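Only one structure is covered here, and it is reproduced in the block below.
Chain letters run A, B, ... following the sequence lines, proteins first and then strands; every chain starts at 1. Because only heavy atoms are used, hydrogens play no part in the values below, and waters and symmetry mates are left out as well, while side chains stay in. Being a predicted model, the structure only gives us computed values, none of them experimental.
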Amino acid sequence: MSGNRSKLVRRRTSSDKACRAFKVIGPDLLAILVLAFPLNLLHAQEARVSEATESCLPCHASVTPGIVADWEKSLHSEMTPADAVVKEKLGRRVSADSIPDDLKTTTVGCAECHNMNPEKHRDSFEHGGYQVHTVVTPEDCAACHPTERSQYEKNIMSYAHINLTNNPVYHSLITSINGIQDFDGSSTTLTDPDEETDFESCLYCHGTEVMVQGTTSRETVLGEMEFPLLSGWPNQGVGRINPDGSMGSCAACHTRHQFSIQMARKPYTCSECHKGPDVPAYKVYQVSKHGNIFSSLGKEWDFDAVPWVVGRSFTAPTCAACHVSLLTNSSDEVVAQRSHQMNDRLWWRIFGVIYAHPHPVSPNTATILNQAGLPLPTELSGEPAADYLIDEDEMNTRRQTMQTVCVSCHSSQWVENQFARFENTIRTTNEMTLTATKILSTAWEKGVAVGLPQRANIFDEAIEKKWVEQWLFFANSTRFASAMSGADYGVFANGRWYMSKNIQEMHDWLRFKLQGGTEKK
Amino acid sequence: MSGNRSKLVRRRTSSDKACRAFKVIGPDLLAILVLAFPLNLLHAQEARVSEATESCLPCHASVTPGIVADWEKSLHSEMTPADAVVKEKLGRRVSADSIPDDLKTTTVGCAECHNMNPEKHRDSFEHGGYQVHTVVTPEDCAACHPTERSQYEKNIMSYAHINLTNNPVYHSLITSINGIQDFDGSSTTLTDPDEETDFESCLYCHGTEVMVQGTTSRETVLGEMEFPLLSGWPNQGVGRINPDGSMGSCAACHTRHQFSIQMARKPYTCSECHKGPDVPAYKVYQVSKHGNIFSSLGKEWDFDAVPWVVGRSFTAPTCAACHVSLLTNSSDEVVAQRSHQMNDRLWWRIFGVIYAHPHPVSPNTATILNQAGLPLPTELSGEPAADYLIDEDEMNTRRQTMQTVCVSCHSSQWVENQFARFENTIRTTNEMTLTATKILSTAWEKGVAVGLPQRANIFDEAIEKKWVEQWLFFANSTRFASAMSGADYGVFANGRWYMSKNIQEMHDWLRFKLQGGTEKK
Amino acid sequence: MSGNRSKLVRRRTSSDKACRAFKVIGPDLLAILVLAFPLNLLHAQEARVSEATESCLPCHASVTPGIVADWEKSLHSEMTPADAVVKEKLGRRVSADSIPDDLKTTTVGCAECHNMNPEKHRDSFEHGGYQVHTVVTPEDCAACHPTERSQYEKNIMSYAHINLTNNPVYHSLITSINGIQDFDGSSTTLTDPDEETDFESCLYCHGTEVMVQGTTSRETVLGEMEFPLLSGWPNQGVGRINPDGSMGSCAACHTRHQFSIQMARKPYTCSECHKGPDVPAYKVYQVSKHGNIFSSLGKEWDFDAVPWVVGRSFTAPTCAACHVSLLTNSSDEVVAQRSHQMNDRLWWRIFGVIYAHPHPVSPNTATILNQAGLPLPTELSGEPAADYLIDEDEMNTRRQTMQTVCVSCHSSQWVENQFARFENTIRTTNEMTLTATKILSTAWEKGVAVGLPQRANIFDEAIEKKWVEQWLFFANSTRFASAMSGADYGVFANGRWYMSKNIQEMHDWLRFKLQGGTEKK
């Protein structure tokens with residue numbers, strides 16, 4: 001496996017002349033050079049690109065042409081924050097009331113983000129005469145988008161790394177999935193996973209902790225240069241722990257370097273992390289009427305409009321429409337406020353947990369303890385750990401906030417009946433999970449599996465993994481299918497059929513174990 | 001779970017003035033009001049919208065802006081039936097020879113559909129001075145589209161509700177899937193599902209029975225108003241039983257309120273109900289050459305043209321092209337007639353049944369009885385219940401109707417070989433199902449499972465559910481993959497690999513049960 | 001099942017007049033006819049269509065209108081090879097230095113491909129005065145595209161038929177999947193599959209052997225005509241054995257008859273064969289950031305540009321961008337050379353094999369023998385059959401070729417860390433496969449399953465099929481998810497969750513078999 005960290009020497013190209021010139025003359029003289037340099041990418045922005053960004057572009061247009069070309073298609077490259085901040089309220093894409101003077105009058109280029117707050121960034125390093133950092137963070141973006149940053153801090157997603165890795169129960173789930181198993185001829189053993197495996201699996205979506213591990217020297221078109229060595233990198237997970245101490249990655253949804261609002265509003269972005277059987281939101285959406293309308297007619301919609309006008313800009317919701325975007329009707333009346341908190345309109349927590357339960361009060365769920373002393377939001381019997389969860393009043397408020405979106409296109413009766421079905425399904429799926437839990441508990445009690453009573457990992461045996469699928473895949477998928485009316489997914493794709501079959505298989509297994517194979521029914 | 005039927009009080013908005021004015025002055029004076037009211041949505045249609053529809057729009061543009069904006073994008077809002085009916089034959093989208101006088105000269109707006117046939121509609125109620133109903137039905141649409149209604153009555157889809165719920169065997173399948181299971185420490189129990197569960201699962205696609213359960217009073221921007229209380233609502237299933245006694249929902253495919261032919265012709269519409277493992281038509285299409293061409297090049301096609309011209313409007317079939325649409329060649333010669341019956345070109349019934357068999361004669365399959373006295377179109381051995389099924393002549397006729405579409409782009413040899421493969425696969429998949437049935441029957445006979453001989457539910461035990469998957473998922477998927485040349489799906493995704501594996505697992509289970517675990521092979 | 005090879009008599013149409021005229025007057029006079037015939041399809045090309053092609057079009061515009069209309073949209077119908085060959089180097093789509101005289105100055109129509117090399121084509125037959133053949137082959141295409149043909153001969157895909165059917169181990173896998181199983185009341189039996197089944201399953205993608213089985217007479221609009229009878233047809237598999245002895249089908253990716261480069265560059269084309277759980281490249285791509293960018297923003301990309309300019313033509317790679325296409329940056333500098341060999345930038349072989357291993361030296365893998373005497377590239381312990389596989393130097397070269405594409409948009413550190421994760425996952429997935437193999441080997445040794453030691457089929461029992469899924473589905477999916485950063489697929493969709501669960505289930509089964517059901521843990 002040696003040799004896999006080969007030094008990449010980039011192609012020397014004609015535009016390398018600009019890079020080498022930069023090295024000789026330094027950033028102070030580069031503005032002059034750039035004006036003389038026939039780099040067509042710079043034309044459109046030449047008047048308004050900052051001096052610092054101008055010093056980045058000639059080299060990076062050569063060594064990472066994709067990034068520069070992508071950024072050139074962004075609104076960041078076309079507009080200054082000063083112009084953005086004076087837009088009328090509903091049409092504004094920046095939430096800051098005022099913009100720092102040094103950012104106001106140039107477009108938002110490389111330097112405006114990568115040179116921001118160097119004193120806070122442990123990954124900051126000297127590069128071409130500037131202190132730059134690799135990992136741009138919500139704290140950096142907050143210079144112009146502070147409301148979104150503040151809302152996102154209350155979003156459970158911002159704690160996705162912490163909530164997973166700081167919770168001993170979930171940690172044992174990771175170990176049982178990602179660890180290496182061996183077989184000695186009679187038993188299996190389980191070794192903890194290496195961190196590279198965690199980085200590319202669970203933590204891809206939940207976010208890694210990006211840490212500076214030292215520096216490394218690389219040969220570049222400008223000769224030998226020093227760069228920080230990062231671990232947990234690359235990553236754009238929603239709960240990433242950043243070198244400036246902040247949590248999250250705006251690029252999870254607002255993909256670098258075009259930062260297209262169009263892209264964030266399309267369901268494909270959400271599907272990066274919400275498609276698998278543990279959280280099949282996208283698959284359910286696809287077979288819903290809403291998803292069908294998006295797939296069939298969405299190419300004619302206006303995904304760039306701010307605000308997003310119901311019926312005019314689009315004729316069926318995407319994920320963003322219900323959960324995030326500022327929506328208005330044709331009379332400029334607000335249908336839904338923009339929210340990067342998201343859970344302000346989510347009252348049940350329906351996935352990633354053994355039982356659906358009212359949403360936690362705090363986005364930090366690693367501090368929850370149920371009465372049995374486990375860091376779980378319910379008991380194993382399904383009873384909610386109520387002290388940590390929102391109460392009925394807050395549930396009602398959130399439910400109504402969501403319904404306000406629905407009634408833009410549906411009658412009150414339609415919406416109420418739909419929500420009643422969903423809450424009925426919360427109940428029935430929890431009941432089916434309880435049944436699976438009873439079977440597993442019996443197996444533990446009778447000693448044919450080892451789990452809670454034996455203080456062993458509760459996720460590592462075959463029967464335990466069937467139990468996990470009951471709630472993590474099947475109950476969960478059924479709830480998503482109910483919430484979003486994607487019936488085709490909730491019956492046979494991964495829903496009620498499997499809920500019902502899995503219980504029978506668990507029961508069949510238990511009878512084998514307790515009675516042997518040869519009994520009659 | 002209380003509080004989930006909260007009263008939704010809609011936002012009071014500037015356009016509420018129009019609503020309140022309506023209440024004061026009544027429908028008779030509203031036309032005057034509307035002309036004075038600066039509601040830009042009405043401009044395009046003002047001359048031709050009916051008076052009744054004019055009385056709907058001001059309020060509903062405010063309370064359900066999405067619906068109104070969607071309808072505004074429809075052909076219904078742009079054209080009168082009188083103009084539609086005089087189009088030359090191949091280009092006509094209405095099938096009526098003449099249109100009722102009161103519908104002729106206005107566009108097709110809210111009132112034209114929702115006020116139609118009030119005497120037949122048990123859900124009709126007084127609203128703003130008119131008798132309106134919520135649930136628009138095929139009978140309502142038939143005013144302009146009678147041929148489609150008549151054809152659809154012969155489509156097995158129109159009986160989808162009845163065929164499922166009136167058949168005791170299928171009913172026991174629903175119970176075993178949707179019912180609540182419990183575990184008492186040694187056995188599992190099964191309780192019948194509640195109807196809300198059925199509504200959002202099986203009946204989402206098959207259709208609910210929509211019934212009027214009384215009335216309810218709601219606070220609206222116009223004050224307290226009375227509305228009928230509907231059960232089984234919302235629903236747009238293909239076999240919906242409507243409050244006017246008709247069956248089906250045109251909106252299943254012709255999604256409200258844009259009623260876009262483009263949308264009905266795209267495969268996403270079919271995928272709402274034909275994507276899961278029980279009927280994976282869409283998944284197979286996606287990996288077929290046809291599906292690839294649609295995905296890659298479809299954005300340049302003309303999905304609105306009537307008739308739909310092979311090669312010019314589109315270069316590969318979607319579901320609608322083969323099964324529904326009127327197709328012509330570039331010389332205006334008919335390649336295929338429009339069909340809302342669909343089974344006029346389907347000769348084998350390949351899904352949702354234990355064995356593939358010739359199509360039933362009647363779309364009402366609940367009346368079929370096999371020789372064993374079960375309401376099934378074949379014996380458990382696979383022998384067809386021939387009296388209820390089409391004969392070989394009719395099969396040949398339908399096969400040739402379908403082939404007429406294929407030969408637009410393929411040589412006769414290509415088509416014949418492809419169809420021969422498909423019919424070979426009908427045979428082999430039925431053989432594999434028979435093998436699984438033999439294993440299950442042995443289990444029943446030996447008493448290690450309880451089923452037909454014991455007059456018990458044949459779908460509720462683990463081994464029975466494996467048998468169900470053999471035909472409902474695997475044999476079925478293999479046939480779809482064969483029919484539509486989506487090989488990638490028919491081998492490893494959910495096809496032959498699982499057919500072959502499932503038999504071995506059923507056999508393995510039976511040996512465990514009969515011999516215990518410790519025997520040698 | 002009789003009647004399924006019905007004679008298709010095509011509709012007689014107005015343009016049949018042209019066909020019948022053709023019959024009467026023969027090809028020599030047809031040019032005159034065509035000029036007089038108001039067939040609008042011919043207008044654009046009339047000056048440049050060859051005489052031979054002109055004799056095809058009138059009939060085929062009537063009998064197969066879809067093919068003709070599709071071809072009319074192709075570049076082949078718009079341009080002559082003489083014009084194509086003088087394009088400047090990077091923009092050229094033909095690789096021949098010179099074009100045969102008889103092909104130079106007409107567009108590439110029916111006859112240019114279907115009449116090519118008649119002496120080599122066993123499927124050549126007299127048709128309308130010309131020797132034509134049905135199956136167009138890479139050898140035919142090589143008249144203008146010789147480099148692509150030569151590269152493709154080194155592509156392992158060109159041997160996809162041979163590598164599957166000439167390898168006894170893989171052949172026994174096919175038998176176990178496609179064969180018919182029966183049950184006699186105590187044991188199952190397995191009968192070899194018929195070839196129609198193989199044609200539409202494994203060989204759909206791998207390619208059939210197309211053979212001439214005789215001739216058949218068909219009634220056509222021109223009366224009775226003779227055609228060759230082909231077996232293994234239709235097929236466009238990548239390793240198809242053609243009637244001229246060549247291997248492969250360009251139409252697998254360059255779909256007839258539009259031959260759109262746009263289509264070949266879109267991932268849907270690859271998904272025809274690379275979507276199932278055995279090779280889920282497309283599914284992984286869909287949930288990757290790259291796939292999200294394509295889905296969200298791809299409609300604005302230029303898929304027709306040659307060369308394909310990074311950042312300008314597209315902003316995220318599709319399959320073709322990394323594996324096939326000629327890429328340049330905005331300064332016309334080559335980022336990646338066009339490759340139809342593909343494995344010149346693939347160093348690990350990660351799918352379809354028990355263990356991931358260095359790529360084979362020869363595309364013909366049917367000649368490989370491991371030390372145990374099996375035709376496999378590794379031992380059952382995972383040790384590579386090194387003599388047949390590329391060495392570390394070649395692996396490094398290929399790895400760097402691939403990285404050259406990545407660094408267009410990513411920093412060296414990003415790329416190196418990403419590749420290190422991938423190679424770590426090669427190691428961990430191989431370890432997990434070894435564990436599953438140890439469990440199976442124990443079952444064989446203890447006699448509770450029969451396999452290698454008993455010289456029996458190693459794929460046909462339930463426990464063996466679980467072992468197959470360990471590598472063919474789960475290890476494999478995990479590697480794809482790692483390689484392309486589609487984490488959502490690699491954890492719960494079909495990756496690490498199933499790798500870990502499957503080992504526990506295999507172990508659970510073995511304990512049942514060896515100890516019976518009633519032991520305590």
Side-chain angles (χ1 to χ4, degrees), chain B residues 287 289 292-293 295-297 299 310-312 315 329-331 333 392 396 399-400 403 407-410 412-421 423-425 427-428 431-432 435 438-439 442 482 485 487-493 496-497 500-501 503-505 507-508 512 516-518 520-521, chain C residues 1 3-6 8 10-11 13-15 41 64-70 176-178 180-183 185 188 194 196-197 199-202 204-205 218 227 230 233-234 255 258 260 262-263 266 268-269 271-273 275-278 299 447-450 461-462 465 512-513 515-517:
Chain B
V287 294
K289 185 60 91 179
N292 174 12
I293 299 172
S295 298
S296 296
L297 305 178
K299 70 181 167 65
V310 173
R312 185 197 293 161
T315 60
N329 67 17
S330 302
S331 308
E333 293 154 348
E392 211 157 297
N396 278 331
R399 186 189 292 109
Q400 285 183 33
Q403 290 185 339
V407 294
S408 298
C409 295
H410 297 289
S412 297
Q413 173 159 216
W414 180 294
V415 174
E416 287 169 8
N417 285 1
Q418 162 65 20
F419 278 55
R421 286 180 190 168
E423 302 208 298
N424 184 58
T425 293
R427 181 183 58 77
T428 59
E431 288 180 10
M432 291 290 269
T435 303
K438 288 176 182 172
I439 296 173
T442 303
S482 174
S485 289
D488 194 63
Y489 195 83
V491 184
F492 289 119
R496 287 187 166 87
W497 171 258
S500 72
K501 180 185 171 212
I503 286 179
Q504 285 304 309
E505 289 185 341
H507 180 226
D508 206 53
F512 264 129
T518 52
K520 298 283 168 180
K521 180 113 186 181
Chain C
M1 220 73 70
N4 62 322
R5 283 184 170 270
S6 63
L8 283 174
R10 287 162 189 280
R11 298 167 307 286
T13 69
S14 62
S15 50
L41 345 140
T64 53
I67 296 179
V68 174
D70 202 34
S176 71
I177 298 171
N178 285 352
I180 298 288
Q181 296 184 46
D182 201 354
F183 179 68
T188 60
D194 59 81
E196 297 297 323
T197 296
F199 290 162
E200 73 165 28
S201 55
C202 309
Y204 178 93
C205 290
R218 290 174 190 278
F227 297 90
L230 302 177
W233 185 251
T255 300
Q258 208 170 140
S260 151
Q262 180 176 163
M263 189 169 171
K266 289 191 176 168
Y268 312 113
T269 288
S271 84
E272 270 191 63
C273 295
K275 189 172 181 186
D278 55 317
K299 70 180 167 62
V448 292
V450 295
E461 298 173 52
K465 287 175 188 288
F512 264 128
K513 277 290 189 184
Q515 303 167 16

Taking the side chain as everything from C-beta on, heavy atoms only, tell me whether B:Asn424 gets closer than 4.5 Å to C:Thr197.
yes
Region of C:Thr269 that comes under 4.5 Å of a non-hydrogen atom in chain B
both
Lys NZ or Arg CZ of C:Lys513 over B:Phe512 ring: under 6.0 Å, within 45°
yes
Please check if any side-chain donor atom of B:Ser295 sits under 3.5 Å from a side-chain acceptor atom of C:Lys266, or the reverse.
no
For B:Glu505 and C:Lys465: C-alpha separation, side-chain torsions, deciding distance, then whether side-chain contact (heavy atoms from CB on, under 4.5 Å) applies.
CA-CA 9 Å; B:Glu505 289 185 341; C:Lys465 287 175 188 288; over 6 Å; no
Quick one: does B:Val491's side chain get under 4.5 Å of C:Ser201's, heavy atoms only?
yes
Which heavy-atom pair separates C:Trp233 from B:Asn417 by the least distance, and what is that distance?
O-ND2, 2.8 Å
Looking only at B:Val287, B:Asp488, B:Ile503, B:Thr442, the option with the highest number of non-hydrogen pairs under 4.5 Å against chain C is B:Asp488
Contact class of B:Lys438 relative to chain C, heavy atoms under 4.5 angstrom:
both
Taking atom CD1 of B:Ile439 and atom CD of C:Gln181, what is their separation to the nearest 0.5 Å?
8.0 Å
Contact winner vs chain C - B:Lys299, B:Glu431, B:Arg496, B:Met432, heavy-atom pairs under 4.5 Å
B:Arg496
Side chain from CB out, backbone as N, CA, C, O: work out which of these in C:Gln262 comes under 4.5 Å of a heavy atom of chain B, or both, or neither.
side chain
Shorter than 4.5 Å, heavy atoms on both sides: which option in B:Ala493, B:Ser500, B:Gly311 has the most such pairs with chain C?
B:Ser500
Gap separating the OG1 atom of C:Thr64 from the CH2 atom of B:Trp414, nearest 0.5 angstrom:
12.5 Å
Spacing of SG belonging to C:Cys202 relative to CZ belonging to B:Phe492, to within rounding of 0.5 Å
6.0 Å
Charged N-O contact under 4.0 Å between C:Asp194 and B:Arg427
yes
Between C:Glu461 and B:Lys501, does any side-chain N to carboxylate O distance fall below 4.0 Å?
no
Please say which of C:Thr255, C:Ile67, C:Asp70 ends up in a side chain to side chain contact (heavy atoms under 4.5 Å, CB included) with B:Thr315.
C:Asp70
List the steps, then state whether side-chain contact (heavy atoms from CB on, under 4.5 Å) holds for B:Leu297 with C:Ser260.
CA-CA 9 Å; B:Leu297 305 178; C:Ser260 151; 3.8 Å; yes
Pair C:Glu200 + B:Arg421: basic N to acidic O under 4.0 Å:
no
